[in-house]
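Here the structure comes first, spelled out in structure tokens, and everything after it is commentary.
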Amino acid sequence: MSRRQSAPRLEFEAAAIYEYPEHLRPWLEALPKLPGVYFFHGESDTMPLYIGKSVNIRSRVLSHLRTPDEAAMLRQSRRITWIPTAGELGALLLEARLIKEQQPLFNKRLRRNRQLCSLQIAAGKPQVVYAREVDFSHEPNLYGLFANKRAALQTLQTLADELQLCYTLLGLEPTTRGRACFRSALKRCAGACCGKESVEEHHARFMAGLSSISVNCWPWDGAVALKESRDEMTHYHIIHNWLWLGAVENIDDAASLLRAPAGFDQDGYKILCKPLLTGAYEIISLSDPASR
């Protein structure tokens with residue numbers, strides 16, 4: 001049989017092997033059509049196999065049961081539980097925290113990254129700085145959040161290629177005083193290294209290119225509460241330095257969460273930056289009692 005004939009047969013056999021997980025059916029009846037976080041549990045009472053989130057828990061859980069790709073997880077699953085939230089934002093934040101804390105077998109592993117770094121512009125030149133050494137919540141002139149130095153430099157190089165920037169001026173190649181860089185001869189550099197364009201023009205183009213990945217400093221003096229509501233449920237998300245400290249139903253209970261240290265959190269920044277800065281939610285300053 002030819003390869004062309006065997007491929008469809010293999011796909012059919014893979015689908016035929018898949019068996020609908022009937023043993024999970026009793027857990028499906030009570031699934032709510034609400035936002036929140038859900039858990040597939042195996043034999044362990046403490047460590048779930050998988051943690052997910054959705055604006056509609058029931059619909060999302062059912063979608064897991066329709067695909068052979070997740071058959072291994074479903075065969076090991078014994079029950080399904082969930083935690084409802086006041087909206088999608090709360091589901092995103094809770095899911096990210098629980099995955100990092102519990103490291104489920106079938107989730108992509110999320111860990112605090114000791115190599116988290118950014119590009120900082122000092123005296124017109126980029127340098128790589130690390131979150132373990134610099135407070136990313138308040139340090140100015142930061143661009144991009146990267147898993148390691150290699151990723152940061154790769155982004156810098158890509159930007160230079162797109163904008164015809166000079167590797168020499170950006171510190172990506174050694175400087176040869178008074179001579180054009182090699183890429184200038186190939187017309188891949190606009191020539192700031194040899195006077196074809198001014199250093200000021202080069203820098204302006206460079207900064208314009210970086211603007212889309214600018215890291216926002218924490219704009220409040222202290223912690224804030226973000227109000228999220230759905231029907232009769234209201235949660236106040238307590239946030240400081242882009243770190244989600246947790247959620248309370250009554251804002252007067254926020255003090256219990258403020259005792260925790262609040263260092264910069266990459267996942268929190270990515271989830272919270274837009275909601276906090278665009279005015280999409282009510283924001284209450286916890287350092288100003290008059291605003292509460």
Side-chain angles (χ1 to χ4, degrees), residues 35-37 53 55 83 85-101 110-122 127-147 152 207 210-230 233-292:
V37 173
K53 58 91 181 64
V55 294
I83 300 174
T85 62
E88 182 179 15
L89 185 62
L92 284 165
L93 292 165
L94 183 58
E95 179 201 37
R97 170 180 286 181
L98 291 174
I99 289 175
K100 275 191 288 194
E101 289 177 350
L110 296 178
R111 298 184 175 89
R112 298 198 182 278
N113 182 7
R114 293 288 298 168
Q115 296 188 66
L116 179 66
C117 59
S118 184
L119 292 168
Q120 185 174 50
I121 310 304
Q127 58 183 346
V128 177
V129 293
Y130 292 87
R132 65 175 181 267
E133 301 166 349
V134 173
D135 182 1
F136 280 15
S137 301
H138 298 93
E139 189 73 10
N141 301 320
L142 295 181
Y143 298 88
L145 296 172
F146 306 100
M207 296 305 296
L210 283 175
S211 62
S212 64
I213 58 171
S214 176
V215 178
N216 291 287
C217 290
W218 179 248
W220 290 275
D221 291 334
V224 300
L226 181 153
K227 183 179 179 181
E228 185 177 35
S229 299
R230 169 187 56 78
M233 178 181 283
T234 295
H235 281 164
Y236 293 92
H237 298 289
I238 310 306
I239 307 156
H240 193 195
N241 295 338
W242 302 116
L243 175 67
W244 181 62
L245 300 175
V248 293
E249 295 183 8
N250 188 323
I251 196 169
D252 292 332
D253 296 330
S256 63
L257 297 176
L258 294 176
R259 303 187 189 101
F264 181 84
D265 178 64
Q266 179 183 13
D267 296 316
Y269 179 86
K270 291 180 177 179
I271 295 171
L272 289 165
C273 190
K274 185 175 180 180
L276 280 169
L277 299 181
T278 58
Y281 295 87
E282 179 183 352
I283 307 297
I284 303 164
S285 172
L286 298 178
S287 59
D288 179 10
S291 67
R292 294 164 59 180

Checklist entry - side-chain hydrogen bond (donor to acceptor under 3.5 Å, both in side chains) with H240: which residues, sequence neighbours excluded? => result none

Checklist entry - Between atom NZ of K53 and atom CD of E88, what is the distance when rounded to the nearest 0.5 Å? => result 7.0 Å

Next on the checklist: Is there a side-chain contact between L119 and V128 in this structure, where contact means two heavy atoms from C-beta onward sitting under 4.5 Å apart?
Outcome noted: yes

Item to check | Flag, side chain of Q120 to backbone of P140, donor-acceptor distance under 3.5 Å | outcome: yes

Checklist entry - Measuring from M233:CE to E249:CD, what's the distance to the nearest 0.5 Å? => result 6.5 Å

Checklist entry - Passes side chain to side chain contact (heavy atoms under 4.5 Å, CB included), F264 versus L145? Steps please. => result CA-CA 11 Å; F264 181 84; L145 296 172; 3.9 Å; yes

Checklist entry - Counting N and O atoms only, with roles assigned by atom type, does the side chain of Q266 sit under 3.5 Å from a partner on the main chain of L116, one being a donor and the other an acceptor? => result no

Checklist outcome for this item: Residues passing the side-chain hydrogen bond (donor to acceptor under 3.5 Å, both in side chains) test with S137, sequence neighbours excluded, are D135

Next on the checklist: Taking the side chain as everything from C-beta on, heavy atoms only, tell me whether V129 gets closer than 4.5 Å to E139.
Outcome noted: no

Checklist entry - Which pair of heavy atoms, one from T278 and one from K274, lies closest together, and at what distance? => result OG1-O, 2.7 Å

Donor-acceptor contacts, no H, no angles, side chain residues 215-224, under 3.5 Å, sequence neighbours left out:
residue, atom, partner, partner atom, Å
N216, ND2, Y269, OH, 3.3
W218, NE1, W220, O, 3.4
W218, NE1, G222, O, 2.9

Checklist outcome for this item: To the nearest 0.5 Å, atom NZ of K270 lies from atom CG of D265 at 10.5 Å

Item to check | Nearest-0.5 Å distance, CG of residue L210 to CG of residue L142 | outcome: 11.0 Å

Checklist entry - Tell me, do R259 and S256 make a side-chain contact under 4.5 Å, heavy atoms counted? => result yes

Checklist entry - Counting only N and O atoms by type, is there a donor-acceptor contact under 3.5 Å from the side chain of S118 to the main-chain atoms of Y143? => result yes

Item to check | Nearest heavy-atom neighbours spanning A86 and P35 | outcome: C-CG, 4.5 Å

Next on the checklist: Could you check whether any side-chain heavy atom of L272 comes within less than 4.5 Å of a side-chain heavy atom of L93, counting everything from C-beta outward?
Outcome noted: yes

Next on the checklist: Could you report the tightest heavy-atom contact between G246 and L257, atom names first, then the distance?
Outcome noted: C-CD1, 3.6 Å

Checklist entry - If every non-hydrogen atom of I251 is compared with every non-hydrogen atom of A225, which pair is closest and at what distance? => result CD1-CB, 3.9 Å

Next on the checklist: Any heavy-atom pair between the side chains of L92 and T85 that's under 4.5 Å?
Outcome noted: no

Item to check | From CZ (F136) to OH (Y130), nearest 0.5 Å | outcome: 9.5 Å

Item to check | Separation between CD1 of I283 and CG of L276, rounded to the nearest 0.5 Å | outcome: 4.5 Å

Item to check | Test log, rule side chain to side chain contact (heavy atoms under 4.5 Å, CB included), inputs I271 and E95 | outcome: CA-CA 11 Å; I271 295 171; E95 179 201 37; over 6 Å; no

Item to check | Donor-acceptor under 3.5 Å (R97 side chain, W244 main chain) | outcome: yes

Item to check | Minimum heavy-atom distance between Y236 and I284, given as atom pair plus value | outcome: CE2-CD1, 3.9 Å

